[in-house]
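Each remark here refers to the structure printed beneath this line.
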There are 2 protein chains.
Amino acid sequence: MDQRKASNAKRGGAPTSADVARLAGVSQATISLVLNGRASKVRISEETRKRVISAAAQLGYTPNHAARSLRQRSTKIITFVLPTLENPYYSDIVSAAQIAAQQHGYAVSVIPARTKPGEFHALSLLQGAAFDGIVVAGRENCAAPELLQLAARGVAVVALQERSPDPSIYSVSVDLEAGGYLATRHLIELGHRRIAHVMEELPRPDTWRDRVDGYRRALAEAGLPLDPSLVVITENSMAGGCKAIEQLLLDRQRPTAAFMYNDQMAVGALHALRTHGLRVPDDFAVVGFDGLAMGQFTAPPLTTIDHPRRDIGRIVIETLIGAIEKGSLEVKQHLLPVKLLVRESCGGLEAPNQKP
Amino acid sequence: MDQRKASNAKRGGAPTSADVARLAGVSQATISLVLNGRASKVRISEETRKRVISAAAQLGYTPNHAARSLRQRSTKIITFVLPTLENPYYSDIVSAAQIAAQQHGYAVSVIPARTKPGEFHALSLLQGAAFDGIVVAGRENCAAPELLQLAARGVAVVALQERSPDPSIYSVSVDLEAGGYLATRHLIELGHRRIAHVMEELPRPDTWRDRVDGYRRALAEAGLPLDPSLVVITENSMAGGCKAIEQLLLDRQRPTAAFMYNDQMAVGALHALRTHGLRVPDDFAVVGFDGLAMGQFTAPPLTTIDHPRRDIGRIVIETLIGAIEKGSLEVKQHLLPVKLLVRESCGGLEAPNQKP
DNA sequence: ATGAAAGCGCTAACAA
DNA sequence: TTGTTAGCGCTTTCAT
């Protein structure tokens, strides 16, 4: 009776490396060596190698993730902590990240966590070292103090669109200020003088330049006054954009254009304008922000500020893996450029009224 | 020198239960008992309990996920394997699932995996027992043969919108056939006679009743012929919907209405119609499928078939956790009802032309 | 070229 | 009431 332990596979669970070892007539160590590709470089005869491979295949063996992670102190998983899956904005970022991560042997997952201030959802997982790296998006999530602690413990963390005061948290962002400037300047060039900006509530106005700062800069540059009643704060959703525009239309001195915080809000804006009988762009112009695919199919198609989302995804992963494997990186902050994507919601396509 | 091992915390990693034990002057086992709430019921004096709690807090201790999973043979994570994050369809499902899961002590994650036939992305994670339960969506993903193997190894798996031939895979679906019927009958009641159906390519036509079967039934019930040239297959995206409609408009015997596979395609359809100068619903009616929030903001707002997405999320989790904890469940298949959501893309709101 | 053995951090019997 | 001990499944020296 040499069979000291019952085969795990027999017990209904997944086969273990011990099961494979038994079947192949070798030791567990050999299984590990062969299956991790260290066989050729180090030692292990071709014959045993084949025997191991075939035994593993026969049992359908896959290494247990928890055991491997425990032993190697690394899970080879990078996770995105996203505020919502409702906005397809992150879709391309995550796809690009997945492709990049895969090339380095990492998997990527997503944890939806709409953090209310003070609570951070999937926290125990993050703190429990279930991931080698994490990408945090959303203002509330990025502001969570726990991130610092995570970084201190050696988890690589990058914040999307948020610059952390602490250098242990990397950041990959898009130049929001430039985007706001581009959008607003576009409207000014098209002859608009009363331009509204509809935005989400921003908790910390001085920390970080956002769209609204570019909006101000463009206005100032053109010698236009900044009318506070033209800057409206609303909930970040299509419905929010819709409500904000309705409010603006009530004004006795209506604006003739609006620069919206993002494409979702812009869709709401378009809807509100349509509902109130205003033609876009003839009666009112709208610029979005993000460059979602959806913008091609709105009525009319949306002029917007396009983000290099695939680049964001790729750079996030390169940063994270660099940090995980090298420990620390030179460049902590990435700032990516945006560009104006002219479609039809502002006019200016056929008869452009460009700056000289 | 009693300090046999260096504290892990000192080494820059996360503190371990041994670190907490040392600080509190108790054994590791006590830490485990206290922190898992077994202290009160079982034993452990109030005084040690407090000491442990405070030591843990002081170090910022969180149990290592890999170690705990390895020991308990359970990760307490349920993951969704989704084909894409582009379609916000899954957003509500995942949110509802997360809430339900949390009540049972499980976390939920998402793995984006657009499986091409023959390859299954995050497979090694799934097979490596990194998750206690998995929810698979998307035709290709659900068709992966590896799912059976997973189920055989004791991972609970539910397929969304796909019935597996194997009873070890649970399913939670929406009544697509009824949806197709409702959508088509609505158009018929509104007086349409030539009604198109734009759909995604369906690999296995006989396995499972889909929208197109309901479309056929409604047509047959009304004594209308099924014209094969009115059923067009296209890519599942806004652009696909757009192209399909353009193709239909070329027909010498144009349809006057289209039932679209989902809301995303319907958005593309609306765009194509607008581009070609057709008014919706006066010249052409459109029905969508899914009930996305976006449908409220299209031009015109989209009449669609609404899915009980939050119920889906909740039931998926109840099924999964039932399966994980009880082993096996009575009811393997859930079929949820849909309902017609009348907005404006078919007319029929002011002057309804209802069936008697 | 391969095996034996230790140990990652945790929990659960079993002792004391 | 608390400590000791034995693994969970894997990788990795170190022997052989």
Side-chain angles (χ1 to χ4, degrees), chain A residues 4-9 11 13-22 24-52 56 59 61-76 124 127-130 153, chain B residues 4-9 11 13-22 24-52 56 59 61-76 124 127-130 153:
Chain A
R4 333 259 289 258
K5 306 192 160 191
S7 149
N8 195 26
R11 301 201 278 80
T16 71
S17 69
D19 294 333
V20 181
R22 212 171 299 132
V26 295
S27 77
Q28 268 191 74
T30 305
I31 304 301
S32 177
L33 257 15
V34 170
L35 264 33
N36 293 320
R38 257 179 280 282
S40 51
K41 332 173 41 178
V42 190
R43 48 234 171 153
I44 302 298
S45 72
E46 187 55 21
E47 199 246 313
T48 21
R49 208 184 66 83
K50 280 189 177 150
R51 206 141 37 85
V52 167
L59 295 177
Y61 170 73
T62 320
N64 179 285
H65 181 254
R68 172 178 282 195
S69 301
L70 179 57
R71 176 65 228 231
Q72 310 202 132
R73 297 156 165 282
S74 158
T75 62
K76 295 284 181 185
S124 68
Q127 297 193 148
R153 288 184 184 170
Chain B
R4 331 260 289 258
K5 305 193 165 193
S7 149
N8 196 28
R11 300 201 278 82
T16 71
S17 69
D19 295 332
V20 181
R22 211 170 299 132
V26 296
S27 76
Q28 268 192 73
T30 305
I31 304 300
S32 176
L33 289 179
V34 170
L35 264 33
N36 293 321
R38 258 180 280 282
S40 52
K41 334 174 39 181
V42 190
R43 49 228 169 158
I44 303 297
S45 72
E46 187 57 18
E47 198 246 313
T48 15
R49 208 183 66 84
K50 280 188 178 149
R51 205 143 34 86
V52 167
L59 295 177
Y61 170 72
T62 320
N64 178 285
H65 182 253
R68 174 180 281 199
S69 300
L70 179 58
R71 176 65 229 226
Q72 309 202 133
R73 298 157 163 281
S74 159
T75 62
K76 296 284 181 186
S124 68
Q127 295 191 149
R153 288 184 184 170

Query raised in the report: Asn64(B) has a side chain; which of dT2(D), dC10(C), dT2(C) sits nearest to it?
Result: dC10(C)

Query raised in the report: Just wondering, do Val52(A) and Val26(A) contact through their side chains at under 4.5 Å, heavy atoms?
Result: yes

Query raised in the report: Choosing from dC10(D), dT11(D), dC10(C), which nucleotide comes nearest the side chain of Gln28(B)?
Result: dC10(C)

Query raised in the report: Which nucleotide, dT2(C), dC10(D), dG9(C), lies nearest any side-chain atom of Ser17(A)?
Result: dC10(D)

Report task. Choose from dC10(C), dG3(C), dC10(D) the nucleotide whose nearest atom is closest to any side-chain atom of Pro63(A). Result -> dC10(D)

Requested in this report: For side chain to side chain contact (heavy atoms under 4.5 Å, CB included), just list the numbers for Arg153(B) and Thr62(A), CA-CA rounded to whole Å, side-chain angles, deciding distance to a tenth of an Å, and then say yes or no.
Outcome: CA-CA 11 Å; Arg153(B) 288 184 184 170; Thr62(A) 320; 4.1 Å; yes

Query raised in the report: Taking the side chain of Ser45(A) as its heavy atoms from C-beta onward, which of dG9(D), dG3(C), dA1(C) lies nearest to it?
Result: dA1(C)

Query raised in the report: What residues, two or more places apart in sequence or in another chain, satisfy side-chain contact (heavy atoms from CB on, under 4.5 Å) together with Arg68(B)?
Result: Asn36(B), Pro63(B), Gln72(B)

Report task. Report which part of the nucleic acid Ser32(A) touches: base, sugar-phosphate, or nothing (heavy-atom distance under 4.0 Å, all strands). Result -> base

Requested in this report: Give the rounded distance in Å between these two atoms: NZ of Lys50(B) and P of dT2(D).
Outcome: 14 Å

Query raised in the report: Taking NZ from Lys76(B) and C1' from dT11(C), how many angstroms apart are they, rounded to a whole number?
Result: 14 Å

Query raised in the report: Between Leu70(B) and Ala29(B), which has a closest nucleotide on DNA chain C that is more 5'?
Result: Leu70(B)

Report summary line: Exactly one of Arg51(B), Glu46(B), Lys50(B) clears side chain to side chain contact (heavy atoms under 4.5 Å, CB included) with Thr48(B), and that residue is Arg51(B)

Query raised in the report: When we call it a touch if two heavy atoms are under 4.0 Å apart, what does Ser69(B) touch: a base, just sugar-phosphate, or nothing?
Result: nothing

